[in-house]
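For reference, the structure discussed in these notes is given below.
Computed from heavy atoms alone, side chains included, the values below leave out hydrogens, waters and symmetry copies.
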Amino acid sequence: MPFVRALLTRFATTLVTLLGAAIIVFVVIRIVPGNPIAMMLPPGATEADIDRLKTLYGLDKSIPEQFWIWLVNVLQGDFGTSITSRQPVFDLVTGRLPATLELSLMALVIAIALGGTAALTATLYRGTKVEGGIDVAGGVALSLPDFLWGLALILVLGVVWPIFHISGRVSPSLGFDFQSNFYLLEALVRLRFDVVLDLLGHMLLPAIALAIPLAAIILQLLKQSLKECMHDDYITLARTKGYSETSIITRDALPNAILPTLTLIGVQFTFLIGGTVIIERLFSYEGLGNMAIDAVINRDLPLIQGIVLVFALLFTLVNLLVDMTYAALNPRLRHA
Amino acid sequence: MSYLAIKDLTVRLKNGVPLLRKVSLEVEAGEVRALVGESGAGKSMIGKAVLGILPRAARLTGGKILLDGEDLLTLPPKARRERIGAKAALIPQDPLTALNPSRRIGPQIIDRLVDILGWKRPKAEARALELLDEVHIQDPGRVMKSYPHELSGGMRQRILIASAFAAEPKLIIADEPTTALDVTVQKQILKLIREMQERHQTALLFVTHDLGVVSKVSQTLTVLYAGKVIEDTNVRAFFEAPAHAYSQALLAATPKYTDPDGSLMPVPESIITAVEQEVAAFDAQLNG
Ligand SMILES: Nc1ncnc2c1ncn2[C@@H]1O[C@H](COP(=O)(O)OP(=O)(O)OP(=O)(O)O)[C@@H](O)[C@H]1O
Ligand SMILES: [Mg+2]
């Protein structure tokens, strides 16, 4: 069963990747300057106080020993306790993860919609001013990183024309009692469209900021692949059958052009998730990335470790998803 | 009346260079006309002009294309497209690239029936099975569900032939439909095209640079040089005595089936010069 074998290999590489990421972060955050104990104690604490706390958090042991203890605990479902908030890391991380998931998925959807539409339109109007305009827009979109787009959006749509909220995830004044941390999903399911609107008002700007560079990358690659496909013989044959240019592009060219773009989206989506760290900070959006920055500032070692593990897990899941979609869309792979 | 009538068709590149020079030719209903000429003569360009698939670099600058008595060039784009899709079809040159690799065979055969002609899907599928049977494909049901890469080149060309006849078009343009195939498969495909053409009584414009097959498929032929019609005649008369010096040289340059290894005579320099002069004189008239 090649399929089962492939699955097992995949599972094994995922585990190795996660373990590798965990080790690297574990070591790095322990050898960089600054230690969590010093941050916790008031000025003038004695050596004895420091040693007592070090023992309490297990920081007096050697790094390999510490890692072993951490690993054994994690395998038993215990991710440790945050040094700053004294709450279980697992609860903190799972509490924030949905916010970041909603934000990055929203950004992904926007990027695909924008980039895809732009690529299809440019292909339809290839060789005209429309294509030129789209190319220029794509170039501009790529000339700034996501957080500068975030600043620009805050300035224009948050300050000059205050259409959107520029901070937070939801207006507290709404007084909506969320049962889960998937706010947007929950509001949709509970048909509270006023809440949905408020959530979007908070989420759209950071999502668009994250989406703009990715949209431009999608535009460029997809347009290139579409253009190449448009010279293929089966396209010409479809023309003789009476189909319009639009349906030829979407029905005949797109499925053949999309695979490279799909792979690229997978890789870029992991970058986008990484980008949430700064964007969430910029928009005071209560997600995992924002929490990661606080954790680093406070040298909250268990929390940093937990967040990194979740990010690494997300990245490998995204890659797995891309590979599966790729296999599903490519008939030549499916039957091989 | 002719099913396809091309009158004074002129196609130029964007920079004005002519690719087709006032080409006129007709194909009667049910007739097979061969279109011959050396590589680059503009044979494919004529087919593309009729089917509305001229390359972006080329532009139709004059003439008329009458399909079933209707001037295609005066129709609005959508109507023209759909008229061509319903009444004409292309059998392409390379079966390996002419099928969409990411779509199954079945939908590729019947798509125009459903989308352009408005047939119900079950009826169209029954029609596809029937067509695959006509082109001697075994197990049509399985083939309909296959992807192109699962089938051989010969199979794919059969499928493309079936697909071309799907809407019962009364004009088929076959652009060198066998050049991309193995020699053994070539003969079968040629025979199949003739068989289908006779059964469905379609007009067939058969593009080839191989005079050897002309006598086997067609009744009439048009000889093209540099986008200009050199000779328009019936096949028997042509093989007995081509009227134009260039045609004579072309015929002499063709290997005989009886003597395939016999040495070829290239078209002599003097005749090329003469025909080039003729084209130039024609151009002067055309532009002047
Ligand atoms: N896309 C294009 N852009 C510019 N010129 C073209 C294009 N396609 C064909 N031509 C030119 O048009 C002329 C006629 O080409 P065409 O393809 O009709 O030749 P052909 O008679 O079919 O030759 P062959 O036997 O090689 O298929 C050639 O001189 C060719 O260079
Ligand atoms: Mg050709």
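- Atom NZ of B:Lys14 sits in a crowded spot, with more than 12 heavy atoms from other residues, nucleotides or ligands closer than 6.0 Å.
- With rounding to the nearest 0.5 angstrom, the CG atom of A:Asp252 is 7.5 Å from the CD atom of B:Gln108.
- Smallest separation of non-hydrogen atoms from A:Arg251 and B:Asn100: O-ND2, 4.4 Å.
- With chain A as the partner, the residue from B:Lys48, B:Gln93, B:Arg112 showing the most heavy-atom pairs under 4.5 Å is B:Arg112.
- Contact of B:Leu160 with chain A is made through the side chain alone, with heavy-atom distances under 4.5 Å.
- Residue with the most contacts toward chain A among B:Arg56, B:Arg80, B:Glu82, B:Lys78: B:Arg56 (heavy-atom pairs, distance under 4.5 Å).
- Heavy-atom distances place both the backbone and the side chain of B:Ile84 under 4.5 Å from chain A.
- Of all residues in residues 218-249 of chain A, those placing a non-hydrogen atom less than 4.5 angstrom from a non-hydrogen atom of chain B are A:Asp233, A:Tyr234, A:Thr236, A:Leu237, A:Arg239, A:Thr240, A:Lys241, A:Gly242, A:Tyr243, A:Ser244, A:Glu245.
- Counting only residues at least two apart or on different chains, no side chain to side chain donor-acceptor pair (under 3.5 Å) pair has a member in residues 266-277 of chain A.
- With sequence neighbours excluded, no residue forms a salt bridge (charged side-chain N to carboxylate O under 4.0 Å, His left out) with B:Glu31.
- Remark: B:Ser39 engages no residue in a side chain to side chain donor-acceptor pair (under 3.5 Å) (not counting sequence neighbours).
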